[in-house]
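Everything below concerns the one structure shown next.
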Amino acid sequence: MSAPLTGQAVTARAGVNIALVKYWGKAPARGPEDLNLPAVPSLSLTLDGLTTETTVRFAPELPNDRIVLDGRELDPAALGRARPVLDRVRALGDLASPFDVVSTNHVPTGAGLASSASGMAALAAATARLAGLELSPGQLSAVARLGSGSASRSIFGGFAAWEGPEARAVAPPSHWDVRLVVAVVDAGPKDTSSRDAMGRTARTSPYHAGWVSQARGLFDEGLAAVLARDLPALAEVMELSTLRMHAAAMAARPPVLYWRSASLAALEALRALGVQGLVSGWTMDAGPNVKALVHAADAERVRGALAEVAGVQRVLVCAPGPGVSTEVVARDAAW
Ligand code: PMV
């Protein structure tokens, strides 16, 4: 541990990640450090160009932590989700000062991509460096996880796996020349947050136990497919993981149904390309957008096909991206 950077600020950048094998459901928590422990293992790809940039400084003059996100101060509920990250960094650094945080999502407006993973990963990295903590990527991942489970994976670039307190790197961005093509069906906020939806699934879905019991096998297959750069095998695993996750959620009471007709239409477009021999894996998260994993050489063709689907508002093409990074900046850099 080195000295806290009281006279300076730290800027961190972290990328959005998309799960190829899904996290859905939490393990029982016995204490605050168990927050957001996963009930199932997951596997992800961190994306290039879709990042959160977060600058933080100590603010002993403030009564409380303050986070300004995209120009607006977070309300107490949103701040409350980040608090476990901030409190953990303070505890590790034996510090008491509030943090003053300015954060910007560099995700194209209307992309409909969740930025909580990149946001919590950047927050953990920036505050940990400011506090003088010298955490390993795994330790940092465990801190980011306290804010949002999927944030544990955004610490790492390329492909990451998460199956316990912290995530780990599986393969760097250069491992595989793939693209994630995102068909944006709805860019608005989710009807039901992933946190609420996975809690409700666990409490009320008759399929939750089945979902949990099959997850390890699918994860192992997905991991082997990523390491072997086997897109047909990974595509099969991605589809199963998505459909099984959504099936469990749809069977909750009240049901959690994220799909729209345009989601299905996008899948039909991918299926039509498949008939022509183009291999793609697809996935959906806690929303109606469809994300297709394809060989880089096929990305433009897939983008064109998805852009023509009725109800698809826009299409983004993302390459594998780097893990979180930090730099020390002037104390007034973001203020
Ligand atoms: O960590 P959260 O609360 O953002 O939940 C993420 C849930 C999914 O995006 C649906 C799946 C995943 O593994 O990222």
Side-chain angles (χ1 to χ4, degrees), residues 14-27 29 34-47 50 52 77-78 80-82 84-85 105 107 111-124 141-156 159-168 170 180 182 189-202 205 208 211-212 215-216 218-219 222-223 226 237-250 252 256-259 263 281-291 293:
V16 165
N17 78 78
I18 298 296
L20 309 174
V21 178
K22 300 301 184 189
Y23 151 61
W24 195 253
K26 299 181 201 296
D34 289 349
L35 205 61
N36 298 332
L37 280 181
V40 295
S42 59
L43 181 66
S44 63
L45 177 62
T46 298
L47 303 183
L50 303 176
T52 302
R81 285 192 283 280
V85 172
N105 283 325
V107 175
L113 283 173
S115 44
S116 71
S118 53
M120 294 298 178
L123 185 68
S141 167
V143 176
R145 188 203 83 228
L146 301 175
S148 158
S150 55
S152 63
R153 301 181 309 232
S154 272
I155 298 299
F156 303 95
F159 298 87
W162 174 42
E163 48 183 321
E166 58 189 58
R168 66 176 192 275
V170 164
L180 199 85
V182 183
K190 306 171 189 176
D191 301 337
T192 313
S193 73
S194 50
R195 189 174 296 229
D196 291 348
M198 67 177 80
R200 194 192 300 165
T201 305
S205 175
H208 180 68
W211 157 256
V212 172
R216 163 67 49 186
L218 220 44
F219 169 81
L223 186 59
V226 164
V237 169
M238 287 172 65
E239 179 174 77
L240 278 174
S241 179
T242 302
L243 288 172
R244 288 173 178 177
M245 176 197 118
H246 283 271
M250 283 179 201
V256 181
L257 180 58
Y258 288 116
W259 294 55
S263 315
W282 64 270
T283 188
M284 285 172 61
D285 292 288
N289 302 332
V290 172
K291 296 136 195 173
L293 187 74

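Everything quoted here is computed from the prediction, not taken from an experiment. Order of appearance sets the numbers: ligands from 1, and atoms from 1 within every ligand.
- At least one heavy atom of Ser116 lies less than 4.0 angstrom from ligand 1.
- Near Gly149, the atoms of ligand 1 lying under 4.0 angstrom from a non-hydrogen atom of the residue are 1 (O).
- The shortest N/O to N/O separation between Ala286 and ligand 1 does not fall below 3.5 Å.
- Note on Asp34 versus Lys26: no salt bridge recorded, every NZ/NE/NH1/NH2 to OD/OE distance being 4.0 Å or above.
- Considering only non-hydrogen atoms, atom 14 (O) of ligand 1 lies nearest to Arg153 out of Arg153, Lys26, Lys22.
- Val170 is listed as a side-chain neighbour of Leu223, based on a closest heavy-atom distance under 4.5 Å.
- For ligand 1, the atoms closer than 4.0 angstrom to any heavy atom of Ala19 are 12 (C), 13 (O), 14 (O).
- Atoms of ligand 1 lying under 4.0 Å from any heavy atom of Met198, numbered from 1 in the order shown and given with element: 5 (O), 7 (C).
- Heavy atoms only, all atoms of each residue included: Arg153 and Tyr23 are closest at NH1-CB, 3.8 Å.
- Taking distance alone, with nitrogen or oxygen atoms compared against 3.5 Å, Ser42 stays at or beyond that limit from ligand 1.
- The backbone N or O of Ala167 lies less than 3.5 Å from no partner atom in the side chain of Ser152, so there is not a single donor-acceptor pair.
- Counting heavy atoms from C-beta outward, Thr242 and Trp282 have side chains that approach closer than 4.5 Å.
- At under 3.5 Å, a nitrogen or oxygen of Ser148, whether backbone or side chain, sits near a nitrogen or oxygen of ligand 1.
- Taking both residues in full, the closest heavy atoms of Lys22 and Met284 are given as CE-O, 3.4 Å, listed atom of the first, atom of the second, then distance.
- At a 3.5 angstrom cut-off on N or O pairs, Ser194 counts as close to ligand 1.
- Contact atoms of ligand 1 toward Trp24: 10 (C) (distance under 4.0 Å to a heavy atom of the residue).
- At least one side-chain heavy atom of Val40 sits less than 4.5 Å from a side-chain heavy atom of Val212.
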